[in-house]
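Working notes, structure below.
The sequence lines fix the lettering, A, B, ..., with proteins before strands; numbering per chain opens at 1. Computed from a prediction, not measured in an experiment: that's the story for all the values here.
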Protein chains: 4
Amino acid sequence: MKKTQYSLKKQPLQKRSVFLVNSIKEAATRILKEKGLEGFNTNVVAEYAGVSIGSLYQYFDCKETLIAEIKREHFAQLRGFFREAQENLVTNDLKELVDAFIEASVKGHQVDPILHKVLSQDLVDFGLKEKDNPDGSILSNVKAALLAYQNQLRPNLDITTAAELVYYLVEKTVHEAIINEQESTKQLAIISELKKVVLSYLRDD
Amino acid sequence: MKKTQYSLKKQPLQKRSVFLVNSIKEAATRILKEKGLEGFNTNVVAEYAGVSIGSLYQYFDCKETLIAEIKREHFAQLRGFFREAQENLVTNDLKELVDAFIEASVKGHQVDPILHKVLSQDLVDFGLKEKDNPDGSILSNVKAALLAYQNQLRPNLDITTAAELVYYLVEKTVHEAIINEQESTKQLAIISELKKVVLSYLRDD
Amino acid sequence: MKKTQYSLKKQPLQKRSVFLVNSIKEAATRILKEKGLEGFNTNVVAEYAGVSIGSLYQYFDCKETLIAEIKREHFAQLRGFFREAQENLVTNDLKELVDAFIEASVKGHQVDPILHKVLSQDLVDFGLKEKDNPDGSILSNVKAALLAYQNQLRPNLDITTAAELVYYLVEKTVHEAIINEQESTKQLAIISELKKVVLSYLRDD
Amino acid sequence: MKKTQYSLKKQPLQKRSVFLVNSIKEAATRILKEKGLEGFNTNVVAEYAGVSIGSLYQYFDCKETLIAEIKREHFAQLRGFFREAQENLVTNDLKELVDAFIEASVKGHQVDPILHKVLSQDLVDFGLKEKDNPDGSILSNVKAALLAYQNQLRPNLDITTAAELVYYLVEKTVHEAIINEQESTKQLAIISELKKVVLSYLRDD
DNA sequence: TATGAATGAGACTTCATTCAT
DNA sequence: TATGAATGAAGTCTCATTCAT
C-alpha cells in the first residue's frame with residue numbers, strides 16, 4: 001500500500017508481543033539480506049519468523065511499514081555511533097575529530113554491510129520522520145562539528161559545502177570500501193588514506 | 001527468471017528488428033525513470049513501445065535481460081566519456097588529468113541522473129560480462145593513468161589503493177552532488193572542491 | 001457461519017452483561033449505518049463497543065446472529081407502531097384505519113431510514129422465527145384489520161389479495177419516498193396521495 | 001477497489017474475446033443468483049466460467065466492474081420493455097397505457113426475479129452513467145407519458161408527484177408480488193388489482 | 001515472424017473465530 | 001468470565017511468460 005507515513009499499527013507492550021515483533025523484524029532482516037528487496041514478501045517473512053501472516057499484519061499494516069521499521073532502526077544505530085564518537089573526544093584537535101568521525105562510519109558500515117546496502121536503496125524513505133532521516137541528521141552533525149572547529153579549518157572554507165562534501169566522501173567511500181574489498185588490509189589502507197584526504201582538505205596543509 | 005547471464009536471445013539484424021529492439025529499450029528506459037524498478041513490467045514496456053509483448057520476448061528472454069541491456073549501454077557510455085577525456089589531454093600535468101577525469105564523471109552523471117540512480121541499484125549486476133563491468137573497467141583505467149603519472153604523485157603512495165580511493169571519491173561524490181543538490185552553483189562548488197581534494201591527496205601538497 | 005437459526009448463545013441476565021450486549025448492538029448498528037454490510041466486521045464492532053472480541057463471541061455465536069438480532073429488534077419496533085396505531089383508533093371509519101396504518105409505516109421508516117435500508121437487504125432472513133418475521137406479522141395484521149372493516153370495503157374484494165397488495169403498496173412506497181425524497185414537502189405529498197390511492201382502492205369510490 | 005466509474009478495461013472485439021466476456025458474465029450472473037453478493041468472488045466466477053482468473057481481469061478491472069456490467073445490462077433490458085410497450089400502444093386510452101406499463105414491469109421482473117432482487121441491492125450504483133440509471137430513466141419515461149395523457153388525468157394532479165408515486169407503486173408491488181408469491185394465480189390477481197389501483201388513482205373515478 | 005489473448009503462480013491483505021492466559 | 005493475541009483460510013489482483021493463430 002502506497003502511503004506517506006509508515007509506522008507501527010500498535011506498539012508491542014507485553015513481553016510476548018515484543019518477542020513476536022522482534023521475530024518478525026529479524027526474519028525480515030534476514031530475508032532482506034539473503035534475497036534482497038525482490039525476494040522479500042510478507043508470506044516468507046511470516047514463515048521464517050514462525051508466525052502467522054495475520055500476526056504480522058497485527059503490527060505492521062503493510063509490507064512497506066515493515067521495511068521502513070527496519071530501516072529506521074538500522075540508521076538510528078548508525079547515528080548513535082556518531083553521537084558516541086563525538087562524546088568520547090578527549091582533545092579538541094581537528095585530526096581527532098576526523099578520525100573519530102570516520103571510525104564511526106566504519107563501525108556503522110561493519111554492523112551489517114549487506115543489510116546496509118539493501119536499505120540504502122531508494123524505497124521507503126517516506127516513513128522516516130524528519131529527525132529520523134539518517135542522512136539529514138548526520139549531515140547536520142557534521143556541519144555543527146565543523147563550526148565548532150572553525151579556527152582549525154583553512155580560511156575561506158565554505159562550511160556548508162565542506163560539510164556536504166566531507167559527508168559524501170566519508171559515507172560513500174567507506175561504504176564502497178567495506179562492500180567491495182574482501183581483504184581487510186585493503187579496507188584499512190583505504191580508510192587510512194581517507195582520513196588523510198579529509199584532514200588535508202579541511203586544513204589545506 | 002534468475003540466471004547468471006543476461007544477454008539478448010538474438011542480435012537484431014534487419015533494419016526492422018533493430019528499430020523494434022530500440023523502441024523497446026527506449027520505452028523500458030522511460031519507465032525505469034518514471035516509475036522505478038517497482039513500476040517496471042514487461043507488459044507496460046511493450047505497450048509504451050507500441051510493440052507486442054510477444055515481440056519483446058523474441059529478443060529479450062526475460063525481464064532481467066532487458067534491464068541488463070539498458071544498464072550495459074548506459075555504463076558503456078560513461079566509460080566512453082573517460083576514454084575520450086584521456087585521449088583529449090594536451091599536457092601531462094596531473095592537475096589536467098584529475099580535472100578531466102572528474103569532468104568526465106560529471107558529464108556521465110548528467111546524461112541522465114535519474115536513470116543512473118535507478119541503474120546503480122543492486123539488481124541485475126550478473127549479466128554484465130567481466131569486461132563490461134562499468135566499475136571494473138573505469139577503475140583499471142584510473143590505475144593505469146596514475147601509473148603513467150607516477151612521477152607527479154607523492155612518494156610512497158600505494159597506487160592500487162589510491163586508484164580505488166580516488167575512484168570512489170569521485171564517482172560517489174559526483175553522484176550525490178548531482179542527485180541531491182538542486183542548485184547548480186552548489187553542485188559546481190562541490191565539484192570544484194572535489195578537484196582540490198583529489199589533487200592534494202595525490203600530490204600531498 | 002451459515003446456519004438456519006441465528007439466536008443469542010445465552011441471554012444476558014446480570015446488569016453487567018445486559019450493558020455489554022447493548023453496547024455491542026449499538027456499535028453494530030452504528031457500523032451498519034455508517035459503513036453498510038460491506039464495512040461490517042466483528043473486530044470493528046467490538047472495538048467501537050469498547051468490548052473485547054472474545055466477549056462479543058460470548059453472546060453472539062457468529063456475525064450473522066448479531067445482525068439478525070439487530071434486524072429482529074428493528075422490525076419489532078415497527079410492528080409496535082402498527083399495533084399502537086390500531087389500538088388508538090377512535091372511530092371505526094375505514095379512512096381512519098388507512099391513515100393510521102400509513103402513518104405508522106411512515107413513523108417506522110423515519111426511526112432510522114438508513115438502518116432500515118441496510119436491514120431490508122436480503123441477508124440473514126433466516127434467523128427470524130416465524131412470528132418475528134416482520135412482513136409476515138404485519139401482513140396478518142393488515143388482513144385481520146380488513147376483515148374487521150369488511151362492511152366498508154367494496155364488494156367482491158378478495159381480502160387476502162387486497163391485504164397483500166395494500167401492504168406492498170404502503171410499505172414500499174413509503175420506503176422509497178423516505179429514502180429517495182430529500183424535500184419533506186415532496187415526501188408529504190407522496191404520502192398524502194398514497195392515502196388516497198389505498199382508500200379509493202379499498203372502497204372503490 | 002473503490003471507484004466512481006466502473007467500466008470495461010477494453011471492449012471485446014474478436015469473436016473469441018466476446019465469447020470469453022460472455023462466459024464470464026454468465027458465470028457471474030449464475031453465482032449472483034445462486035449465492036448472492038456474499039458468495040460472489042472473482043475466483044469462483046473464473047472457475048465457473050472455465051476461464052483463468054487473469055483473463056477475467058483482462059476485461060474487468062475489478063470485481064465491482066463485473067457486477068456493474070451485469071447490473072447495467074439487466075436494467076437496460078428492463079428499460080427496453082418499457083420502450084417497446086409505449087411504442088406498441090394502439091389507442092390513446094389511459095387504461096391501455098397503464099396496463100401496458102404494468103405488463104412491461106411484470107415482463108421485466110419475470111426475466112430473472114432472483115437476479116433482479118440481488119441487483120436491486122444498493123451496491124455498485126456508481127458506474128451507471130446517468131442515462132443508464134434504471135430508475136432515473138424509467139421514471140422520466142413515466143412522467144413524459146403522463147404529460148402526454150394529461151387530458152385523461154384527474155384535474156389538479158401534480159404530475160411530478162404522481163409519476164413518482166405511480167413508479168414506486170408499480171415497480172415495488174410487482175417486484176414483491178413476483179418474488180414472494182409462488183402461485184401464479186395469486187400473482188395475476190395482485191397484478192390485476194394493481195392496474196385498477198393505478199388507473200383509479202390517476203383518473204380519480 | 002508478429003501478435004496479443006490467455007495463463008496461473010503467487011503476492012498482499014482481511015477478518016471470522018479460537019483459545020491460552 | 002473477560003481478554004485480545006494469534007490464526008489461517010480465503011479473496012483480490014498483478015505480471016512474467018507462453019502459445020495458438
Side-chain angles (χ1 to χ4, degrees), chain A residues 1 10 12-17 19-21 38-47 50-64 66, chain B residues 1 10 14 16-17 20 38-47 50-66, chain C residues 1 10 14 16-17 20 38-47 50-66, chain D residues 1 10 12-17 19-21 38-47 50-64 66:
Chain A
M1 208 199 308
K10 54 180 165 184
L13 296 174
Q14 315 285 333
K15 233 185 310 168
R16 183 133 87 111
S17 54
F19 178 75
L20 181 115
V21 167
E38 269 190 317
F40 185 94
N41 78 59
T42 51
N43 290 308
V44 180
V45 170
E47 195 185 347
V51 146
S52 77
I53 184 66
S55 290
L56 189 157
Y57 279 95
Q58 198 104 73
Y59 290 96
F60 301 92
D61 63 346
C62 66
K63 185 191 176 187
E64 285 74 17
L66 178 50
Chain B
M1 206 199 309
K10 54 180 164 188
Q14 314 284 333
R16 184 136 89 107
S17 54
L20 184 127
E38 270 189 319
F40 185 94
N41 79 61
T42 51
N43 289 297
V44 177
V45 169
E47 195 187 348
V51 147
S52 77
I53 182 69
S55 293
L56 189 156
Y57 278 92
Q58 196 90 135
Y59 290 96
F60 302 92
D61 64 343
C62 67
K63 184 192 179 187
E64 283 75 17
T65 295
L66 175 51
Chain C
M1 205 198 309
K10 55 181 164 187
Q14 313 285 333
R16 185 137 88 107
S17 53
L20 185 129
E38 270 190 319
F40 185 94
N41 80 61
T42 52
N43 290 298
V44 178
V45 169
E47 196 186 349
V51 147
S52 76
I53 182 68
S55 292
L56 188 155
Y57 278 92
Q58 194 91 139
Y59 291 96
F60 301 93
D61 64 343
C62 67
K63 185 192 178 187
E64 284 74 18
T65 296
L66 176 51
Chain D
M1 207 199 307
K10 54 179 166 186
L13 298 174
Q14 315 285 334
K15 231 186 312 167
R16 184 135 84 112
S17 55
F19 178 75
L20 180 115
V21 166
E38 269 190 316
F40 185 93
N41 78 60
T42 52
N43 289 310
V44 181
V45 170
E47 195 185 348
V51 144
S52 77
I53 184 67
S55 291
L56 188 156
Y57 280 95
Q58 198 104 76
Y59 291 96
F60 301 92
D61 64 344
C62 65
K63 183 191 176 188
E64 284 75 17
L66 177 50

Nearest-nucleotide check on DNA chain E, D/V51 vs B/S52; residue mapping nearer the 5' end is B/S52
Separation between CG (D/N41) and CD (D/E47), nearest 0.5 Å, reads 9.5 Å
Here the residues of residues 53-63 of chain C within 4.0 Å heavy-atom distance, strictly under, of DNA chain F are C/I53, C/G54, C/S55, C/Q58
> With distance as the sole criterion, do the side chain of D/N43 and the base of F/dA10 form a donor-acceptor contact below 3.5 Å?
Replying inline: no
Of all heavy-atom pairs linking A/Y59 and A/K10, the shortest is CD2-O, 3.4 Å
Between B/T65 and B/F60 the two heavy atoms that sit nearest each other are CG2-CD2, 4.0 Å
Assert: residue with more 5' nearest nucleotide on DNA chain F, out of C/R16 and D/T42, is C/R16
Read 5' to 3' with Watson-Crick or G-U pairs under 3.5 Å, [ ] for crossing pairs and | for partners on another strand, DNA chain F gives .||||||||||||||||||||
Minimal heavy-atom distance between A/F40 and A/K63, with the atoms involved, is O-CE, 3.6 Å
Comparing nearest nucleotides in DNA chain E, the 5'-proximal residue of the pair D/S17, B/S17 is B/S17
For C/V51 and C/L56 the tightest heavy-atom approach is CG1-N, 4.2 Å
Result for 5'-nearest mapping on DNA chain F, choosing between A/L20 and D/F40, is A/L20
Note: D/T42 and D/I53 closest approach over all heavy atoms is O-CD1, 3.5 Å
Span of DNA chain E engaged by chain A, first through last nucleotide within the 4.0 Å heavy-atom cut-off, is E/dA11 to E/dT14
